[in-house]
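In what follows, a structure is listed as structure tokens, so that the remarks can point back to it.
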Amino acid sequence: MAVYNFRSIEPKWQKIWLEQKANVTPADSDRPKFFALEMFPYPSGQVHVGHLRNYSMGDVVARFKRSKGYDVLHPMGWDAFGLPAENAAIQRGVHPKTWTFSNIKTMREDLQSIGFFYDWDREVATCHPGYYKHQQQLFLDFYKAGLVYQKESMVNWDPVEETVLANEQVIDGRGWRSGALVEKKALRQWFLNITAFAEDLLEDLSLLDQWPQKVVLMQENWIGRSEGARIQFKRTDDADATIEVFTTRPDTLYGASFLAVAPNHPLALRQSHTLPQLAEFIREAGQTSTSQETLDTQEKKGCFTGLYVEHPLIKGETLPVYAANFALMDYGTGALYGCPGHDQRDFEFAQKYNLPILTVVYPSADQPYDAVKEGKPWLEDGVIVNSDFLSGLPVVEAKKKIIQWLVDNQLGYKETTYRLRDWGVSRQRYWGCPIPMVYCDDCGVVPVESAALPVILPEDVEFKGGNPLERHPMWKNTPCPKCGKPAKRETDTLDTFFDSSWYFLRFCNPFEDDKPFDLQAVQKWMPVDKYIGGIEHAILHLLYSRFFCKALRKTGHDKVPNEPFKALLTQGMVCHETYKNAKGEWVFPDEVDKTDTGTYILKADKSPVTVGRIEKMSKSKKNVIDVNQIIKTYGADAARFFLLSDTPPEKDMIWTDDGIEGAWRYLNRIWRLIEQFFETKTFNPSQASASEAFISTHKALLAINNVLEKDQFNVAIAQVRILSNVLFETNFAEISKHEAEFAIQSLLIMLGFFCPHLCEELWEFCQFEGYLWQQSWPHVDMTLIEQQSVRLAIQVNGKLRAQLDVPSDAPASQIETQALSLPEVQKYLSGGSPKKVIVVPNRVVNIVC
RNA sequence: GCGGGCGUGGUGGAAUUGGUAGACACACCAGACUUAGGAUCUGGCGACUCGCGUCAUGGGGGUUCAAGUCCCUCCGCCCGCACCA
């Protein structure tokens with residue numbers, strides 16, 4: 001047998017798997033199903049280490065579940081619309097379609113050269129009309145159900161490129177490519193009514209008990225439910241007019257000393273016509289950036305609007321109305337009432353503008369409080385004071401009572417608001433899914449007929465800034481679906497989050513041409529049993545997908561589950577040391593050599609290299625490694641093994657040369673081990689009792705099963721190594737053929753989840769039956785594990801003093817007697833008898849004296 | 001500021017969920033084989049005593065027969081959100 005040559009083994013098995021359709025999803029059976037899914041990638045053209053780590057995890061899960069007797073669905077596809085394709089078109093003159101499909105081809109080959117067990121028959125690309133025609137139908141379904149509407153909304157407008165920029169393309173207020181000052185521009189855009197599902201989305205988070213708690217919490221905060229009241233304040237200048245505010249603290253209404261409206265509140269804008277200083281304030285407020293720093297440090301400022309309102313509870317008292325920079329137009333009603341005694345911002349504002357600071361809540365009845373004296377407002381729970389009929393009530397009770405009063409007097413009502421906003425899905429871009437809507441002068445906004453779908457993205461377009469669809473007369477002009485008169489198409493395309501909000505449903509049956517998804521297949525495969533991807537999608541992608549499922553159920557797709565992802569695993573990033581040359585420029589790890597003394601030099605000219613912090617891999621810091629290079633040097637199996645071996649999946653891991661080399665050395669040892677086994681020609685036909693190798697195999701099977709169920713891939717690998725360490729010591733000639741084969745086969749099955757090519761090759765080499773991928777999880781003989789004698793820890797007063805080997809079924813009384821007779825124990829008893837003896841079966845004996 | 005998480009050898013990390021802390025590795029050290037080795041194999045590897053022992057899971061306190069694990073408190077680090085009324 002030759003040495004371990006991954007360069008020939010890996011392509012060999014990849015070819016066999018593809019030819020034999022080893023990874024094709026099984027047809028209907030009565031076996032349980034398992035849908036393993038990794039977040040599909042954007043086809044940038046390169047598989048990076050992050051993908052490799054992510055997809056290696058999914059592959060282990062899929063292969064493991066398959067061996068456990070599940071029908072596994074494990075598909076892969078491409079999140080293929082998006083901005084980078086258009087940038088490539090502008091920079092290099094390649095058509096986005098050409099660029100994208102060529103990238104897909106490269107990446108598909110790359111993924112296949114890593115040996116992932118995907119059902120490639122089910123591959124989807126969101127930029128394919130066969131995919132997006134269904135998406136357009138879903139959009140129309142949503143439209144008919146009233147879940148889609150249009151409204152004016154602000155965008156970042158680059159006046160040089162004549163294009164809309166995403167928030168992340170605006171750097172210090174300027175366009176990332178043009179450097180032009182970005183303007184705010186109002187455009188009429190399409191929105192999905194996700195807020196209608198705010199309560200459902202919040203409530204159903206409690207069903208997601210297999211999601212990281214952290215992600216659930218982030219979504220909870222994002223939805224941001226807050227309970228309070230709407231209150232009408234009557235204006236003094238116009239008996240019929242009111243200002244409506246939202247508050248979570250209606251109980252402190254007696255402490256109100258002013259009203260604040262957002263600078264862009266209609267009332268503020270109207271008043272500014274006659275108040276120049278107000279106009280100036282509004283202008284200034286509109287200019288300040290919304291970056292973290294300014295928000296953090298910005299002083300609370302305001303400007304009197306010239307208006308007053310009546311205090312709803314105190315006859316004859318009025319409150320001034322300010323425009324204030326901390327009031328937000330798009331939260332609540334865009335107006336609030338200020339209670340400086342019990343709100344931090346209101347307190348600062350009142351101090352600045354000399355407004356009254358009243359205390360209406362005491363920490364408790366016998367513990368008075370004065371915000372002015374203390375220098376800070378009282379924000380906690382307490383007892384209401386100085387508030388007429390509310391006085392003496394705890395905060396919670398006071399809230400209920402005041403809301404009832406407001407309702408009785410027709411001045412307000414209970415209200416729940418959410419931070420969550422509706423989802424704007426319009427993008428002023430070419431490379432996206434066309435929105436199937438038509439604008440007709442006579443009929444208004446008219447949806448495209450279902451029969452006319454898909455609205456195909458035209459290919460003959462020019463890229464010279466702006467949206468090419470706007471300049472395409474043929475495509476843009478179309479007869480109105482309703483009246484037939486000349487009309488114009490919607491030239492905006494859909495947000496790519498729309499594409500990725502239902503691809504998992506499509507995977508259930510991507511062969512169905514007539515419908516977006518086959519409800520029977522959806523019923524069979526959904527929900528996704530394990531979804532693996534980056535934490536960066538903790539909010540938007542996951543929230544939108546959850547929303548889609550709920551919305552689809554409202555539009556007739558009642559077999560779609562309420563929640564798409566049963567279990568979520570968010571994997572950590574891959575990090576690497578950073579290097580700089582003598583000039584202080586970043587250099588690639590590839591360009592660096594380590595010397596014998598442990599210092600680093602440049603390969604090119606031997607000049608010294610300084611080693612910087614370990615950081616997440618990024619192109620800008622050049623601390624990236626080339627996946628193809630790694631696979632050429634060490635093989636895909638070694639890379640996959642290393643990526644999962646040391647660090648728990650959800651944590652950031654550090655890529656090191658030592659690590660990948662260690663993995664590679666281990667695989668070579670396994671190769672030699674199997675060789676040694678295979679060369680054993682005679683076994684022991686009369687073996688008396690179970691061998692250590694055999695027992696260790698059963699223990700490993702049990703342990704690995706348990707840890708893989710918990711996604712502890714690193715611990716599973718440690719257990720594989722424990723088993724192989726035993727087998728390295730085993731002389732196979734001394735044990736029976738059956739036990740030796742069982743041990744080797746089990747080892748290959750378990751290690752095969754991580755290193756499938758190597759193990760498949762070794763399986764074949766040993767002339768075992770069938771293929772490795774067809775093997776089911778070996779039967780674990782629990783009696784073999786349990787029959788073992790166990791080593792108990794013998795403690796005296798909680799301190800370890802001795803060890804004792806006993807049969808695992810020994811009665812406690814016998815263990816106690818044996819333990820007490822140990823000389824190490826006698827020493828501490830000094831002749832007396834113990835106060836108490838605790839025997840924990842198979843673990844520990846603690847003697848208290 | 002609010003919310004959440006974490007803190008274990010030189011390093012990555014285990015610990016059956018309250019039961020022998022440091023599994024499994026990496027690095028390092030010593031030895032063997034070798035023309036050579038950055039290959040392979042063997043052994044060592046928390047600290048102090050280098051003897052039986054004692055101390056060790058960020059610091060301090062508590063609950064318990066028993067605490068890395070539970071509670072309180074302080075310190076440090078990381079992540080998310082944020083003028084949200």
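So you know, we letter chains A, B, ... as the sequences are listed, proteins then strands, and number each from 1. What you see is a predicted model; the values in this text were computed from it and never measured.
- For B:rC55, one of the phosphate oxygens OP1 or OP2 lies less than 4.0 angstrom from a side-chain nitrogen or oxygen of A:Lys799.
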List, one per line, each side-chain donor-acceptor pair under 3.5 Å for residues 838-849 of chain A, sequence neighbours excluded.
residue, atom, partner, partner atom, Å
A:Asn846, OD1, A:Gly798, N, 2.9

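- Comparing A:Asn668 and A:Thr248 by the nucleotide of RNA chain B that holds the closest heavy atom to each, the one mapping nearer the 5' end is A:Asn668.
- Across the protein-nucleic acid pair, A:Arg421 atom CZ and B:rA82 atom C1' stand 12 Å apart, rounded to whole Å.
- With sequence neighbours excluded, no residue satisfies side-chain hydrogen bond (donor to acceptor under 3.5 Å, both in side chains) with A:Tyr4.
- The residue A:Gln344 sits apart from the nucleic acid: no heavy atom pair falls under 4.0 Å.
- Residues passing the side-chain hydrogen bond (donor to acceptor under 3.5 Å, both in side chains) test with A:Asp805 are A:Arg791, sequence neighbours excluded.
- Considering only residues two or more places apart in sequence or on other chains, A:Thr570 meets the side chain to side chain contact (heavy atoms under 4.5 Å, CB included) condition with A:Pro212, A:Val215, A:Ile535, A:Leu568.
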Using a cutoff of under 3.5 Å, can you pull out all pairs of nitrogen or oxygen atoms linking the protein to nucleotides 25-28 of chain B, with atom names and distances?
residue, atom, partner, partner atom, Å
B:rA25, OP1, A:Asn725, OD1, 3.2
B:rA25, OP1, A:Asn725, ND2, 2.7
B:rA25, O5', A:Arg721, NE, 3.4

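- Residue pairs meeting the salt bridge (charged side-chain N to carboxylate O under 4.0 Å, His left out) criterion with at least one member in residues 245-265 of chain A, sequence neighbours excluded: A:Arg249-A:Asp251.
- In this structure A:Glu709 satisfies the side-chain hydrogen bond (donor to acceptor under 3.5 Å, both in side chains) test together with A:Lys65, sequence neighbours excluded.
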What's touching nucleotides 61-72 of chain B from the protein side, N or O pairs under 3.5 Å?
residue, atom, partner, partner atom, Å
B:rC65, O2', A:Asn846, ND2, 2.9
B:rC65, O2, A:Asn846, ND2, 2.7

Tabulate protein N/O versus nucleotide N/O from nucleotides 44-53 of chain B, keeping only pairs under 3.5 Å, one per line.
none

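- Put simply, CG on A:Leu253 and CG on A:Leu390 are 8.5 Å apart, with the number rounded to the nearest 0.5 Å.
- The aromatic rings of A:Phe349 and A:Tyr353 sit tilted relative to each other, their planes meeting at an angle between 30° and 60°.
- Within 4.0 Å of A:Ala335, counting heavy atoms only, lies at least one base atom of the nucleic acid.
- Residues forming a side chain to side chain contact (heavy atoms under 4.5 Å, CB included) with A:Ala718 (at least two apart in sequence, or on another chain): none.
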Report the secondary structure of RNA chain B in dot-bracket form, marking unpaired bases with a dot and bases paired to a different strand with |, and treating Watson-Crick or G-U pairs with both distances under 3.5 Å as paired. (((((((..(((......[....))).(((((.......))))).(((....)))..(((((..]....))))))))))))....
Name the pairs: protein N/O against N/O of nucleotides 16-18 of chain B, kept only if under 3.5 Å.
residue, atom, partner, partner atom, Å
B:rU16, O2, A:Arg843, NH2, 2.3
B:rU16, N3, A:Arg843, NE, 3.4
B:rU16, N3, A:Arg843, NH1, 2.8
B:rU16, N3, A:Arg843, NH2, 2.5
B:rU16, O4, A:Arg843, NH1, 3.3

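- At B:rA14, one or more side-chain N or O atoms of A:Asn714 fall inside 4.0 Å of OP1 or OP2 (strictly under the cut-off).
- Between A:Trp664 and A:Phe642, a ring centre-to-centre spacing not shorter than 6.0 Å is recorded.
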